[in-house]
Amino acid sequence: MCIVFLFIIMIMVVIAGGLFTKFKMPTHEVAKTPKHINDQHALNQDIFSKKDDLAVKIDQQLKSANYIGTALIVHHDRIILQKGYGYADSTHNRLNDAKSMYQMASLQKSFTATMIMQQVEAGKLALDTLLSQYYPNIPNANRITIRQLLTMTSGLKQITVTKMFADEADNISFDASHTAFLGTQAWSYQPINYRLLAGILMQITHKTYGQLFNETFNQKLGLNVLDYAHFITNSKRTIGYREQNYSKYWSNDVTAYSLETGTGNMAITAGSLYRYYRLLIDHKIIMNQSNAEAMWQPAKGTKYASGLYHYPTYMRGHGIIRGFEPTVLLSKDGKEAVILLSNQHEKHQSWQKLANQLFTQTSAIQVTK
């Protein structure tokens with residue numbers, strides 16, 4: 001009788017355990033050990049060591065902040081944390097993780113600048129080349145250089161945008177014909193600078209921006225960046241949310257992203273984004289060190305150059321587009337880094353403060369506000 005009773009109890013425990021497993025909240029499975037940044041496999045998997053006090057502390061802070069997105073933290077040249085927080089798609093109960101794809105928004109300007117510098121290295125362009133060589137009808141074009149476009153000191157602004165265009169070249173052509181001079185060449189953040197750089201790339205290479213981007217960063221470097229058309233059909237795409245409770249989100253809009261040629265319509269994972277920056281820092285893309293230094297040299301008295309803000313000991317990048325907010329902080333050697341790719345952005349809110357705090361904790365570098 002006792003044996004039968006114990007057998008029944010064991011069956012009940014198994015059933016209860018099965019029910020608990022079925023109904024418990026989904027969790028992220030992560031690797032147990034930190035990985036070196038040269039391990040490309042590590043850049044494509046969740047990483048978190050509960051034995052690493054710093055990683056545990058950062059994980060707790062991200063959770064306490066109700067952060068939504070993927071975080072990648074590099075400390076002493078090792079990835080100590082890479083994992084997702086919140087939902088990639090709350091409707092389908094799909095969580096964010098290391099493989100989640102996010103719109104990179106204005107961080108894409110760095111990629112555009114890199115392709116420009118490759119043309120410089122190939123001898124097809126110079127930083128002092130005048131804009132008038134490619135767009136002679138733009139106001140003041142004979143006094144604006146490629147360097148000034150990269151540093152946003154051209155003095156140009158775009159008057160209006162179109163929603164009707166045939167292709168990338170047609171879009172840029174419209175932008176160029178609706179550009180005005182601000183009256184000064186003081187620094188001003190104006191996306192038209194990078195749309196014109198995209199147009200120059202197309203004129204030099206006789207390829208679309210998308211074709212050149214794919215050849216440069218996917219076929220040659222294996223970064224697996226997605227254009228918008230492929231992003232919205234990818235199983236790892238994320239939804240851009242307006243609020244932390246997932247109640248409001250941005251719908252798909254091909255036209256809105258098509259307008260961002262050269263300035264923000266590509267998607268990437270946190271791991272691939274970090275790999276891109278390290279390849280740049282380690283002169284694996286722009287081989288000539290002087291060219292690399294020139295690429296990241298802001299105009300006197302400014303901080304911005306080639307998609308990043310530059311400080312004595314670190315670099316910072318940030319963007320916002322339709323529910324996506326990427327933030328990047330890197331030490332000059334890339335061995336300390338915080339990358340927060342978020343698929344949630346609420347008006348008048350930002351993840352930059354959190355990213356700054358985490359970067360200071362990991363690198364001991366004080367971030368300038």
Is the number of heavy atoms from other residues, nucleotides or ligands within 6.0 Å of [atom1] ([X]) greater than 12?
{"X": "N245", "atom1": "CG", "answer": "yes"}
{"X": "H283", "atom1": "NE2", "answer": "yes"}
{"X": "F174", "atom1": "CZ", "answer": "yes"}

So, [X] and [Y]: side-chain donor and acceptor under 3.5 Å apart, yes or no?
{"X": "R143", "Y": "Q185", "result": "no"}
{"X": "T114", "Y": "Y276", "result": "yes"}
{"X": "S363", "Y": "Y314", "result": "no"}
{"X": "T179", "Y": "Y135", "result": "no"}
{"X": "Q211", "Y": "E215", "result": "no"}
{"X": "E121", "Y": "N288", "result": "no"}
{"X": "S110", "Y": "Y277", "result": "no"}
{"X": "S90", "Y": "Y249", "result": "no"}
{"X": "S154", "Y": "N193", "result": "yes"}

Subject >> Non-neighbouring partners of H310 that pass ring pair (Phe, Tyr, Trp, His ring centres under 6.0 Å), sequence neighbours left out >> reply: W296
Closer than 3.5 angstrom, by distance alone: can the side chain of [X] be matched with the main-chain N or O of [Y] as a donor-acceptor pair?
{"X": "Q61", "Y": "L358", "answer": "no"}
{"X": "Y241", "Y": "K248", "answer": "no"}
{"X": "N96", "Y": "Y85", "answer": "yes"}
{"X": "N343", "Y": "Y87", "answer": "yes"}
{"X": "T129", "Y": "A126", "answer": "yes"}

**OP:** Could you check E293 against Q297 for side-chain hydrogen bond (donor to acceptor under 3.5 Å, both in side chains), going step by step and ending with a plain yes or no?
**Re:** CA-CA 6 Å; E293 291 173 353; Q297 181 60 53; over 6 Å; no
Original post:
In terms of the angle between their ring planes, are Y304 and W187 parallel, tilted or perpendicular, with boundaries placed at 30° and 60°?
Top reply: tilted
Subject >> Spatial distance of atom NZ (K303) from atom CG (L308) [nearest 0.5 Å] >> reply: 13.5 Å
**OP:** List the steps, then state whether salt bridge (charged side-chain N to carboxylate O under 4.0 Å, His left out) holds for R278 with D77.
**Re:** CA-CA 10 Å; R278 278 306 298 264; D77 209 25; 2.8 Å; yes
